Amino acid sequence: MAAEDSNDDLPETSKLTRTKQRWAQEGRFLTGRTARMESERLPPGQHLVRDWPVLDLGQQPEIALDRWQLAIDGAVESPITLDWPRFQSEPQSGKTSDIHCVTTWSRYDNRWTGVATRDLLDLVMPTRDAHFVILHSHDRYTTNITLEDFASEDAILAHSWEGKPLTRGHGGPVRLVVPHLYFWKSAKWLKRIEFATRDAPGFWEVNGYHNRADPWKEQRYSDE
Ligand SMILES: Nc1nc2c(c(=O)[nH]1)N[C@H]1C(S)=C(S)[C@@H](COP(=O)(O)O)O[C@H]1N2
Ligand SMILES: [Mo]
């Protein structure tokens, strides 16, 4: 099933989802600034928060650890399905990074624990023509990133935040964290990582949001 096809039959569209679609149409929050000063930690148009907001399509799937599985397939030499013990037996990494949400909040210094995406790549070995990664979640959310962005040094499949298991609201048991892109690229409740030779825009990418989503270039919406 193509990622685009799955949006129509998502459960009822929430008010926030409709509002965010409208923001994309109106170009809300764009400052027109693009340059990144090395000294600036906060990307243009963002403000700092201390709490950690929860944002999703309004459905928070509950997945028990003994039923949890993560399929990694597509354009790879060695497709694999990890269960919880197998996932825990992979090399564990810690990463600290900032969150930048396209709705303009940012949160500094989030400490994640999990499996670095680079270690995952060693496990499945993408084929030479794999250039994209499509993330599939239990709430039927999808999002797409390039293999290069997926493989970035700070990217991690996180099961813990600040030393505690990720809550269900924040995407537990396992979510992706790709901190150098707007946070909608960081899929919660991950169930499948699909390597692909061709790009396939995900839920927000077909609803007016930017395909790449670099906060430093303010890549919020798809018409820029
Ligand atoms: N599976 C899934 N992942 C998702 C989303 C979603 O609706 N479903 N929302 C995205 C968006 S728009 C944001 S801003 C972040 C929010 O993560 P948080 O709720 O932990 O802050 O998750 C992203 N990952
Ligand atoms: Mo978001």
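Counting convention: from 1, in listed order, for ligands and their atoms alike. Values in this document were obtained by computation on a predicted structure and should not be read as measured data.
Residue, atom and distance of the protein heavy atom nearest to atom 19 (O) of ligand 1 are Lys188 NZ, 2.6 Å. The protein heavy atom nearest to atom 9 (N) of ligand 1 is Leu55 O, 3.5 Å. Looking from atom 24 (N) of ligand 1 to the surrounding protein, the closest heavy atom is Ser186 O, 3.1 Å. Shortest contact from atom 11 (C) of ligand 1 to any protein heavy atom: Trp184 CA, 3.6 Å. For atom 6 (C) of ligand 1, the closest non-hydrogen atom of the protein is Tyr141 CD1, 3.5 Å.
Contacts between Asp139 and ligand 1, counted as non-hydrogen atom pairs separated by less than 4.0 Å, involve the side chain only. In Phe203, neither the side chain nor the backbone holds a heavy atom less than 4.0 Å from any atom of ligand 1.
For His170, a nitrogen or oxygen atom sits less than 3.5 Å from a nitrogen or oxygen atom of ligand 1, counting backbone and side chain alike. Not one N or O of Trp105 is nearer than 3.5 Å to an N or O of ligand 1, by distance alone.
For ligand 1, the atoms sitting less than 4.0 Å from at least one non-hydrogen atom of Lys20 are 12 (S), numbered in the order shown with element in parentheses. In the vicinity of Trp189, heavy-atom distances shorter than 4.0 Å reach the ligand 1 atoms 1 (N), 2 (C), 8 (N). Interface of Pro53 with ligand 1, defined as ligand atoms under 4.0 Å from a residue heavy atom, comprises 18 (P), 19 (O), 21 (O). Atoms of ligand 1 lying under 4.0 Å from any heavy atom of Leu57, numbered from 1 in the order shown and given with element: 7 (O). When each atom of ligand 1 is checked for a heavy atom of Ser137 under 4.0 Å away, the hits are 1 (N). Near Ala187, meaning under 4.0 Å from any of its heavy atoms, are these atoms of ligand 1: 3 (N), 24 (N). The contact set between ligand 1 and Arg175, taken as ligand atoms under 4.0 Å from a residue heavy atom, comprises 15 (C), 17 (O), 18 (P), 20 (O), 22 (O). Close contacts of ligand 1 with Trp204, meaning ligand atoms under 4.0 Å from a residue heavy atom, involve 12 (S).
For Arg212 and Asp149, the salt-bridge test passes: some basic side-chain N is under 4.0 Å from an acidic carboxylate O. Using a cut-off of 4.0 Å between Lys/Arg side-chain N and Asp/Glu carboxylate O, Glu26 and Arg28 are scored as salt-bridged. Between Asp98 and Arg107 there is no salt bridge, since none of the side-chain N atoms of the basic residue sits less than 4.0 Å from a carboxylate O of the acidic one. Ion pairing between a basic and an acidic side chain is recognised when a charged N comes within 4.0 Å of a carboxylate O; Lys185 and Asp214 show no such pairing.
Residue contact annotation: Cys101 has a non-hydrogen atom under 4.0 Å from ligand 1. The shell of residues lying under 4.0 angstrom from ligand 1, judged by heavy atoms, excludes His138. Heavy atoms of Lys185 come nearer than 4.0 angstrom to ligand 1 in no pair at all.
Partner of Trp23 under the ring-ring contact (aromatic ring centres under 6.0 Å, His included) criterion, out of Tyr221, Trp204, Phe29: Phe29 alone.
The ring of Phe195 has its center no closer than 6.0 angstrom to the ring center of Phe132. The aromatic ring centres of Trp52 and His170 sit less than 6.0 Å apart.
Under the 3.5 Å distance criterion, with hydrogens and angles disregarded, no donor-acceptor pair is assigned to the side chains of His210 and Glu205. Defined by atom type and a distance below 3.5 Å, a donor-acceptor pair is present between the side-chain atoms of His159 and Gln92.
Atom-to-atom distance recorded for Lys191:NZ and Ile193:CD1 is 13.0 Å, nearest 0.5 angstrom.
Under the rule for a side-chain hydrogen bond (donor to acceptor under 3.5 Å, both in side chains), Asp51 has no partner lying at least two apart in sequence or in another chain.
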Run the side-chain donor-acceptor check on residues 62-70: report pairs under 3.5 Å with partners two or more places apart or on a different chain.
from: Glu62; atom 1: OE1; to: Arg168; atom 2: NH1; distance (Å): 3.2

